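Here is the structure we will look at, set down as structure tokens.
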Amino acid sequence: MADVTLVEAVNMALAHEMAANEDVVVLGEDIATNGGVFRATVGLKDRFGFKRVMDTPLAENLIAGTAVGMATQGLRPVAEFQFMGFIYAGMEQIISHAARMRNRTRGRLSCPVVFRAPFGGGIHAPEHHSESTEALFAHIPGLRVVIPSSPKRAYGLLLASIRNNDPVVFLEPKRLYRAVTQSVEDDGEALPLDTCFTLREGSDVTLISWGASIAETLEAADALAEQGVSAEVIDVATISPLDRETLLCSVAKTGRCVIVHEACRNVGVGAEIAASIAEAAFLDLQAPVVRVTGYDTIMPYARNEMAYLPQVADIVEAVEQVIAL
Amino acid sequence: MKDRYAFHVDSIAYLDESGDALGDLPEWSDDRDTILDAYRHMVLTRTFDNKTIALQRTGQCGTYPSVLGHETIGTAIGQTLAKDDVLVPYYRDHAAQLLRGVTLTEMLLYWGGDERGSAYAHCPEDLPVAVPISTQCCHAVGVGASFRIRDQKRAVLCSLGDGATSKGDFLESVNLAGAWHLPVVFIVTNNQWAISTPRHLQTGAETIAQKAISGGLPGIICDGNDYFAVRHALMHALERARTGKGGSVIEAVTYRLGDHTTADDATRYRPAEELKQAWEREGVKRLQSWLHHQGLWDSDREQALQVSCRNQVDKAVEAYLATGPQPPTAMFDHLFETLPAALAGQYERLQRREVKHG
């Protein structure tokens, strides 16, 4: 068992599955010899060769569409987009083809592609490199949107995503790429998709988050514990399809809920979660559901990005607000 | 200044407008049975086309793109592809798709608004029709890449229209086919019109075929109303692809004799005289004339063929009209391999709900 970072865990999962299944191939910009700009694919070309580890021309639409074509032949492509800010050129392929191939052929063809992209802010990257637009994909029927928030979950959820017979948009919180290490066994054990992970049990309030904000959310839970507030922390992990059951059960228990996400608020995934709670657990609530999110603005450039991202204090304050009611 | 790179684009034609040979025909033209089959298939396609337009006009089929003027290209594609090649079609490839094994009934189901129309019982690896223009080009290079990864000696035929060559999907895919040396043949049906936009507004390039050169592929033009020219260009290109010599682009020049779809009215933008002249060049009549000149065809045979095509189409229409809609819950059946728990509630709600089919 090795102590690895989140990005190393991604690499471990890719290598594991490529060794286990020769239908697994990876493609993207600068991923072969260079090993990817974040080094997520480092060493794969040497181990598996250029045929299965493919540097593509610089064309994101092409990367997405080529992966769709490969998948119709039974390959399981893992396509890397260098940053989420560049995935948009590929969205027509992801939305109009990957998400629909199984449905429109009545199961004759399918699209077991994983579309990987690093996302989110906090690493002082240039313009277009820091947004969190996961809600765009969560809105699309036929897609899974999976977001790990620890090395272990990156390993287990990526394995599950590659093995899944449908398309997965796998978004990697790059602020967490090298933030922590965790001991991860390369045992090929996948984690379940479509399931939230309860990271910490509590009885006074449910804190719901995913991706990089999990770090601040856990920290806030620690701070709240010192104040005598017991917070349950849930990592949604698969934001679509959404495991409402786990969220509702937790809210039924705590009666209070704060949703934390880095993406802007308007029509975000937090809104879907809040609406689901209002529809199905309204009578369990002792206070309104509160969201702590990015602002409905263009993500500021590096100098001001920390002002945009939800901070521990914001989460603590929101909890204090709902506890007071 | 030195010449760094020069390119040329060849064009091929074997028949003149009246169906007379311009010179020697290719050797394979000795295979008269295949040529007769081609003619019969063109007539079947045209019969299907007329019938489907009539179904749409009488509210029995949805919006439908006529294939009038494209029968020659599609028939040549269908005849030239090997069974284990893959066809990546656009939405006006009825003639090719029928020869690949898509049934008339499946085609009617698709245009009639039923997903089962793309389930293709007989050509399981062919892609379904791509409606978003040009997007299929990327799938074609993906299929081609999978052949390369697995060392399979197979080719991919990607079909598209002239409008589609303006999109990045085509240019990016041609570029990748060149960079990765993929066995992908792009055939562009240049029918002069993308809905109401004429060819000269689509690109300033002298030919569409020359767009191949920018990606490192050869490009060739053929007369798209000349069965011998289209088939010969395809044979050569597909053989190159299967034998590891790489992809290519064929520009097949024809004319869209119908409206863009049944929802379009081409008289709003297209000169009547241009259409009239195009009818003089069309491919089905041209091949029929050639067959006549060879003594291989006569009016009796023509009459018998017309009757048999009508019967075949009528049977398919009957089967289509007798096929009821899928149950409403079918919208969930192939959304994912297995229905996620998150959707179970919606599925059950739909199951309980009565649906009026309008």
Side-chain angles (χ1 to χ4, degrees), chain A residues 22-23 25 27 49 51-52 54-75 77 89-90 92-93 95-97 99-110 112-113 141-144 164-167 193-195 238 240-245 280, chain B residues 86 88 110 114-121 124-132 135-152 156 158 167-169 171-173 175-176 178-180 182 184 215 326 330-343 345:
Chain A
E22 65 175 17
D23 288 334
V25 298
L27 68 157
K51 259 194 178 170
R52 292 176 64 200
M54 294 164 271
D55 274 332
T56 64
L58 209 164
E60 286 81 6
N61 173 53
L62 176 76
I63 294 171
T66 301
V68 170
M70 287 173 169
T72 66
Q73 280 292 311
L75 290 177
E92 180 174 32
Q93 289 290 347
I95 294 171
S96 297
H97 291 297
R100 299 167 68 105
M101 190 60 81
R102 178 186 294 283
N103 182 68
R104 63 198 301 267
T105 61
R106 301 282 81 190
R108 178 173 65 87
L109 298 172
S110 60
V113 180
L143 285 183
R144 273 194 171 74
N164 189 276
N165 287 330
D166 291 304
L193 301 174
D194 305 356
T195 303
T238 301
S240 184
L242 186 61
D243 169 18
R244 290 177 178 79
E245 201 55 38
Chain B
V86 167
V88 182
Y110 178 71
D114 192 316
E115 290 86 351
R116 289 172 294 184
S118 298
Y120 304 166
E125 291 182 64
D126 282 4
L127 267 77
V129 165
V131 174
T135 52
Q136 74 276 18
C137 297
C138 304
H139 308 161
V141 289
V143 173
S146 113
F147 293 166
R148 195 192 62 154
I149 291 164
R150 290 169 166 166
D151 290 321
Q152 296 171 338
V156 188
C158 179
K167 281 192 71 179
D169 305 65
L171 300 164
E172 291 171 21
S173 300
N175 190 55
L176 187 73
W180 285 6
L182 299 176
V184 183
Q326 301 172 89
M331 70 177 84
F332 287 98
D333 289 349
H334 299 284
L335 184 59
F336 294 100
E337 186 181 38
T338 50
L339 193 70
L343 295 174

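Computed from a prediction, not measured in an experiment: that's the story for all the values here. Letters A, B, ... mirror the listed sequences (proteins, then strands); counts begin at 1.
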Considering only heavy atoms and a distance below 4.5 Å, find which of [options] pairs most often with chain A.
options	answer
B:P340, B:P128, B:A342	B:P128
B:A130, B:C137, B:A121, B:A330	B:A330
B:V88, B:L127, B:V131, B:V156	B:L127
B:M331, B:E172, B:E115	B:E172

Report which part of [X] has an atom under 4.5 Å of a heavy atom belonging to chain B: side chain, backbone, both, or neither.
X	answer
A:N103	both
A:S96	side chain
A:N61	both
A:L143	backbone

> Hey, what do you get for CD (B:E125) to CD (A:Q73), rounding to the nearest 0.5 Å?
Replying inline: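 So the gap between those two atoms works out to 4.5 Å.
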
>> For a 4.5 angstrom cut-off between non-hydrogen side-chain atoms, does A:P141 reach B:L335?
In response: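 Yes; the side chains approach each other to less than 4.5 Å.
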
> Taking NZ, NE, NH1 and NH2 as the nitrogens, is one of them in B:R150 or A:D23 under 4.0 Å from a carboxylate oxygen of the other?
Replying inline: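 Result for this pair is yes, salt bridge flagged.
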
> Contact part of B:Y120 toward chain A, heavy-atom cut-off under 4.5 Å: side chain, backbone, both or neither?
Replying inline: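 Contact with chain A is through both the backbone and side chain of B:Y120.
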
